[in-house]
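Presented below is the structure to which this report refers.
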Amino acid sequence: MGKRVAVVLAGCGVYDGSEIHESSAVLVHLSREGAQAEVYAPDVDQMHVVDHVKGQPTQEKRNVLVESARIARGNIKDLAKLDVKGLDALIIPGGFGVAKNLSTWATQGKNCIVSKEVEDVLKAFHAAKKPIGLCCISPVLAAKIFPGCELTVGHDTECEKWPYAKTAETMKELGCKHVNKHVTEIHVDVKNKLVTTSAFMCNAPIHEVYDGIGKMVREVVRLA
């Protein structure tokens, strides 16, 4: 029997939900590793809905669980029903939904609040010493919840290749150790069993993002 890995989504679409390519890469690599993905999302309204053509918010209202179900091909459960006892690991892909629907990082930065359901799930896996994989912006959740942990969101110097590098500085202000890594690399916090990779925090070709996520998934499954 393969490892059972919870994948927590935050909607569907980079600007207001989970990043679709990152989510898909996680599911593909879990399948390749012989692991069984169990997809969850919170049954809450999105912070807002963004028109992905114009990049602008609209007046529409959408539900995080309903939207995440698109990526999960309908095979998804309410995050409130997640039981850590039957699971071996946790992975949370990136996308602005992590910073808007799973936390308030998008509007409050280091002073953000992580939603109680998400915080409880992260703390439960951590307390059970089960590995947690985070990519793109999702390492900020660990930065907020596990002071002193080691993470990567790529590089800490902003440039064309690393447009979101200020995130690393903010994580350092929260007392975390940020480790600079290329998009195809991962960082493993052995003590906290956290595996992180930058994904689309880097302005990189999509296959490099995919490869980095593959390394993250393999390490999470190995540690499980």
Rounded distance [0.5 Å steps], CG in Leu9 versus CG in Leu102: 9.0 Å
What are the two closest non-hydrogen atoms of Gly133 and Val220, and how far apart are they? CA-CG2, 3.7 Å
State, to 0.1 Å, how close Leu65 and Ala41 come at their nearest heavy-atom pair, and which atoms those are. CD1-O, 3.6 Å
Find the distance between CE (Met47) and OG1 (Thr107) and round it off to the nearest 0.5 Å. 6.0 Å
One should read off an interatomic distance between Glu67 CD and Asp45 CG, to the nearest 0.5 angstrom, of 11.0 Å
Quick one: OH on Tyr164 to CG on Asn203, what's the gap to the nearest 0.5 Å? 8.0 Å
Are Ile91 and Leu122 connected into the same hydrophobic cluster when the rule is that any two of I, L, V, M, F, W, Y join if their side-chain heavy atoms are below 4.5 Å apart? no
Before giving the answer on side chain to side chain contact (heavy atoms under 4.5 Å, CB included), spell out for Lys144 and Cys112 the whole-Å C-alpha distance, their side-chain angles and the decisive distance to 0.1 Å. CA-CA 8 Å; Lys144 189 69 184 175; Cys112 76; 4.0 Å; yes
Counting N and O atoms only, with roles assigned by atom type, does the side chain of Asp88 sit under 3.5 Å from a partner on the main chain of Val221, one being a donor and the other an acceptor? no
Can you name the nearest heavy-atom pair linking Glu22 to Cys135, along with the distance? OE1-SG, 3.4 Å
Hey, are the side chains of Thr170 and Trp105 touching, using non-hydrogen atoms and a 4.5 Å cut-off? yes
Please say yes or no: joined through hydrophobic side-chain contacts below 4.5 Å, possibly via intermediate residues, are Ile132 and Met201 part of one cluster? yes
So, the side chain of Ser68 versus the backbone of Val64: is there a donor-acceptor pair under 3.5 Å, distance only? yes
Between CD on residue Glu185 and OG on residue Ser198, distance to nearest 0.5 Å: 9.0 Å
Applying side chain to side chain contact (heavy atoms under 4.5 Å, CB included) to Ser23 and Val7, what does each step give before you reach the verdict? CA-CA 8 Å; Ser23 304; Val7 178; over 6 Å; no
For Glu150, run the side chain to side chain donor-acceptor pair (under 3.5 Å) check against Lys191, Lys177, His187 and tell me which one passes. His187
Pick out which of Leu30, Leu90, Val39 makes a side-chain contact (heavy atoms from CB on, under 4.5 Å) with Val5. Leu30
Any idea which heavy atoms bring Thr152 and Pro139 closest together, and the distance? O-CG, 3.7 Å
Residue pairs fulfilling ring pair (Phe, Tyr, Trp, His ring centres under 6.0 Å) with at least one residue in residues 191-224, sequence neighbours excluded: His29-Tyr210
Give every residue pair that meets the salt bridge (Lys or Arg N to Asp or Glu O under 4.0 Å) criterion with at least one member in residues 120-136, sequence neighbours excluded. Lys116-Asp120, Glu119-Lys123
Val49: partners by side-chain contact (heavy atoms from CB on, under 4.5 Å), with sequence neighbours left out: Asp16, Gln46, Thr58, Glu60, Arg62
For Val209 and His21, what are the C-alpha separation, side-chain angles and deciding distance, and is it a side chain to side chain contact (heavy atoms under 4.5 Å, CB included)? CA-CA 9 Å; Val209 172; His21 299 289; over 6 Å; no
Treating His52 as the side-chain partner and Val50 as the backbone partner, does any N or O pair qualify as donor plus acceptor under 3.5 Å? yes
Cluster overlap Phe125 with Phe146, hydrophobic side-chain contacts below 4.5 Å: yes
Minimum heavy-atom separation for Ala199 and Ile213, please, with both atom names. CB-CD1, 4.2 Å
Using a 4.5 Å cut-off on heavy atoms from C-beta on, say whether the side chain of Ile71 contacts that of Ile20. yes
Are any of the side-chain heavy atoms of Val98 and Leu134 separated by less than 4.5 Å? no
Result block: side-chain N/O donor-acceptor pairs under 3.5 angstrom for residues 76-87, not counting sequence neighbours:
from	atom 1	to	atom 2	distance (Å)
Lys77	NZ	Glu38	OE1	3.3
Asp78	OD1	Ala80	N	3.0
Asp83	OD1	Lys85	N	3.1

Treat each ILVMFWY residue as a node, draw an edge where side-chain heavy atoms are under 4.5 Å apart, and state whether Val195 and Val26 are in one component. yes
Quick one, Pro42 and Asn101 - any side-chain contact, counting heavy atoms below 4.5 Å? no
Given a cutoff of under 4.5 Å between side-chain heavy atoms of I, L, V, M, F, W and Y, with clusters grown through shared members, what are the other residues clustered with Val66? none
Ala10 backbone acceptor or donor facing Ser18 side chain under 3.5 Å: yes
Could you give me the CA-CA distance, side-chain angles and deciding distance for Glu158 and Glu169, then say whether side chain to side chain contact (heavy atoms under 4.5 Å, CB included) is met? CA-CA 10 Å; Glu158 201 165 303; Glu169 290 303 320; over 6 Å; no
Any side-chain heavy atom of Met216 sitting closer than 4.5 Å to one from Thr196? no
With rounding to the nearest 0.5 angstrom, report the CG to CD1 distance, Asn192 to Ile145. 12.0 Å
Determine whether a donor-acceptor pair (N or O, by modelled atom type, separation under 3.5 Å) exists between the side chain of Lys100 and the backbone of Tyr15. yes
Show every side-chain hydrogen bond (donor to acceptor under 3.5 Å, both in side chains) that has at least one partner inside residues 214-224, sequence neighbours left out. Glu219-Arg222
Could you tell me whether the side chain of Lys181 reaches within less than 4.5 Å of the side chain of Thr197, counting heavy atoms only? no
Looking only at non-hydrogen atoms, find the nearest pair between Cys149 and Ala142 and report the distance. SG-O, 3.7 Å
Linking I/L/V/M/F/W/Y whenever any side-chain heavy atoms sit under 4.5 Å apart, do Leu27 and Ile186 land together? yes
Short side-chain to backbone donor-acceptor contact, Glu208 and Pro205, under 3.5 Å: no
